[in-house]
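Worksheet: one structure, shown below.
Residue numbers start from 1 in every chain, and the chains themselves are labelled A, B, ... in the order their sequence lines are given, proteins ahead of strands. Below, all heavy atoms of this structure are taken into account, side chains as well, without hydrogens, waters or symmetry copies.
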Protein chains: 2
Amino acid sequence: MSISEPTDVELKILRVLWQQPGATARQIHNAVHANQDKNYSTTVKMLSVMLDKGLVHRNDSVRPQTFTAAVTRRKTQKSLVSKLVERAFDGSASSLVMQALSSGKPSKEDLQEIRDLIEKLEQRE
Amino acid sequence: MSISEPTDVELKILRVLWQQPGATARQIHNAVHANQDKNYSTTVKMLSVMLDKGLVHRNDSVRPQTFTAAVTRRKTQKSLVSKLVERAFDGSASSLVMQALSSGKPSKEDLQEIRDLIEKLEQRE
DNA sequence: CCATACTAGCGAAACCTTTCGCTAAGTCAA
DNA sequence: TTGACTTAGCGAAAGGTTTCGCTAGTATGG
């Protein structure tokens, strides 16, 4: 009974909800389709699909209804990362790390943070 | 005119081709669907779809035809990583790195390699 | 209370990926 | 050359996601 991976649009909606829990369909719609002319009912439909999948919770006791994410940001990120590691990096998380580090432009602070984490990981042995 | 992101099955096929360039449809099929009873024509069809998308090259001058990847492993990985960083980590590559490092189980050698890379990145400033 | 605007729900269309069945073409041993 | 077998090509089915049109319900200002 695992929760399925969020699809593209679903992830966009989740990102809104992580940042703005208890948002209404309208608010979500505006955030996701900022300047595009997508139909509002598309968002409503997606929310109902996501409710069925267990990706969001809905509060019916207020009007308009409000939504919150049913999956945490951390868990979702983790699951997406392991899927990618599995699919494209032959299971090697550190290959992915190398790739991400060299293609992104991490700041000094980022690097320091990563360094600290590595140290902690090395202690763990 | 950018090359589209490989889908799930496409990625499986690419992984075979990266490791075994010039494989035949049959070889690819056997590698991808090792013990599953998927139909061979599925693989053939996927290869034709991928040819249309520009993801593979086909050598018609030999029989049976052979295939090679038209996209490099590195570039594909890079593009998948940036897509994920964009989609789920709000553009922060280092968040992804942190996530990957703490959920995977990197070996001492992995950590050393990453450490070296970080040092190189810090020099670059 | 009524008109207007917004919210909610649903089926189906549109679109994409993956699968397969069927047929044609090519290969090879006898 | 022929029969058996493998490869190649294609349309369409199957399955999933995203989109929309339409209808009904709900709130709200006048």
Side-chain angles (χ1 to χ4, degrees), chain A residues 2-17 20 22-68 71 76 80 83 87-88, chain B residues 2-17 20 22-68 71 76 80 83 87-88:
Chain A
S2 78
I3 287 176
S4 72
E5 297 277 298
T7 65
D8 231 66
V9 178
E10 286 169 356
L11 198 48
K12 281 186 187 154
I13 289 177
L14 284 177
R15 286 174 62 189
V16 173
L17 290 178
Q20 201 181 334
T24 66
R26 174 63 62 185
Q27 289 169 331
I28 294 167
H29 180 69
N30 290 343
V32 169
H33 302 291
N35 34 9
Q36 306 152 67
D37 55 339
K38 287 286 160 61
N39 198 304
Y40 169 65
S41 42
T42 299
T43 302
V44 172
K45 179 61 157 189
M46 284 307 302
L47 285 168
S48 118
V49 168
M50 291 173 75
L51 190 64
D52 289 348
K53 289 189 185 178
L55 290 172
V56 298
H57 293 310
R58 189 178 67 192
N59 183 355
D60 286 336
S61 69
V62 295
R63 287 271 142 167
Q65 304 163 338
T66 59
F67 295 85
T68 51
V71 292
T76 305
L80 286 169
K83 191 179 163 200
R87 288 196 334 143
Chain B
S2 77
I3 287 176
S4 72
E5 297 278 297
T7 65
D8 231 64
V9 179
E10 286 169 355
L11 200 46
K12 281 186 188 154
I13 290 177
L14 284 177
R15 286 173 63 188
V16 173
L17 290 179
Q20 203 181 331
T24 65
R26 175 62 62 185
Q27 290 170 332
I28 295 167
H29 179 69
N30 289 342
V32 169
H33 301 293
N35 35 6
Q36 306 154 65
D37 55 341
K38 287 285 161 62
N39 198 305
Y40 169 65
S41 43
T42 298
T43 302
V44 172
K45 179 61 157 188
M46 284 306 302
L47 285 168
S48 118
V49 168
M50 292 173 76
L51 190 63
D52 288 349
K53 288 190 184 175
L55 289 172
V56 298
H57 292 310
R58 189 177 65 192
N59 183 356
D60 287 335
S61 68
V62 295
R63 286 273 144 163
Q65 304 163 338
T66 59
F67 295 85
T68 51
V71 292
T76 304
L80 287 169
K83 191 179 163 201
R87 288 196 333 144

Completion exercise
Rounded to whole Å, CG of Asn39(B) lies from C1' of dA8(D) at a distance of 13 Å

Exercise for the section: Just call it for Ser48(A): base, sugar-phosphate, or nothing, with non-hydrogen atoms closer than 4.0 Å on any strand. Expected result: nothing

Problem - Rounded distance in Å - CG (Asp8(A)) to C1' (dC15(C)) - result: 14 Å

Handout entry: His33(B) side chain vs Asn39(B) backbone, donor-acceptor pair below 3.5 Å
Key = no

Exercise for the section: Would you mind telling me which residue lines up with the more 5' stretch of DNA chain D, Glu10(A) or Ser41(A), judged by nearest nucleotide? Expected result: Glu10(A)

Exercise for the section: Test Met50(B) against Leu17(B) for side chain to side chain contact (heavy atoms under 4.5 Å, CB included), laying out the working first. Expected result: CA-CA 12 Å; Met50(B) 292 173 76; Leu17(B) 290 179; 5.7 Å; no

Problem - Residue pair Val16(A) / Gln27(A), side-chain heavy-atom distance below 4.5 Å - result: no

Exercise for the section: Could you please spell out the steps behind the side chain to side chain contact (heavy atoms under 4.5 Å, CB included) verdict for Leu80(B) and Arg87(A)? Expected result: CA-CA 10 Å; Leu80(B) 287 169; Arg87(A) 288 196 334 143; 4.1 Å; yes

Exercise for the section: Give a yes/no on whether any side-chain N or O of Lys38(B) is located under 4.0 angstrom from OP1 or OP2 of dT19(C). Expected result: yes

Fill in the blank from the handout: note: Glu5(A), atom CD; dT17(D), atom C1'; distance rounded to Å ~ 15 Å

Problem - Atom-pair distance (NE2 on His29(A); P on dT7(C)), nearest Å - result: 10 Å

Problem - Between dT19(C) (P) and Met50(B) (CE): distance, integer Å - result: 13 Å

Practice task
Quickly work out the Ile13(A) CD1 to dT19(D) P distance and round it to whole Å.
Solution key: 9 Å

Fill in the blank from the handout: The nucleotide from dT7(D), dT7(C), dT17(C) with an atom nearest the side chain of Tyr40(B) is dT7(D)

Exercise for the section: Using whole Å, report how far CZ of Arg63(A) lies from C1' of dC6(C). Expected result: 11 Å

Problem - Nucleotide nearest Pro64(B) when distance is taken to its side chain, options dT7(C), dG9(D), dT7(D) - result: dT7(D)

Handout entry: Atom-to-atom span, CG of Asp37(B) to C1' of dG21(C) - whole angstrom
Key = 16 Å

Exercise for the section: Verify the contact: side-chain N or O of Gln65(A) to OP1 or OP2 of dT7(C), cut-off strictly under 4.0 Å; return yes or no. Expected result: no

Exercise for the section: Would you indicate what Lys45(A) reaches in the nucleic acid, counting non-hydrogen atoms under 4.0 angstrom: base, sugar-phosphate, or nothing? Expected result: base

Practice task
Would you mind telling me which residue lines up with the more 5' stretch of DNA chain C, Val9(B) or Arg26(A), judged by nearest nucleotide?
Solution key: Arg26(A)

Problem - Candidate nucleotides dA8(C), dT19(C), dT19(D), ranked by approach to the side chain of Ala25(A) - the nearest - result: dA8(C)

Practice task
Would you check if Asn59(B) and Thr68(B) make a side-chain contact, meaning some heavy-atom pair closer than 4.5 Å?
Solution key: no

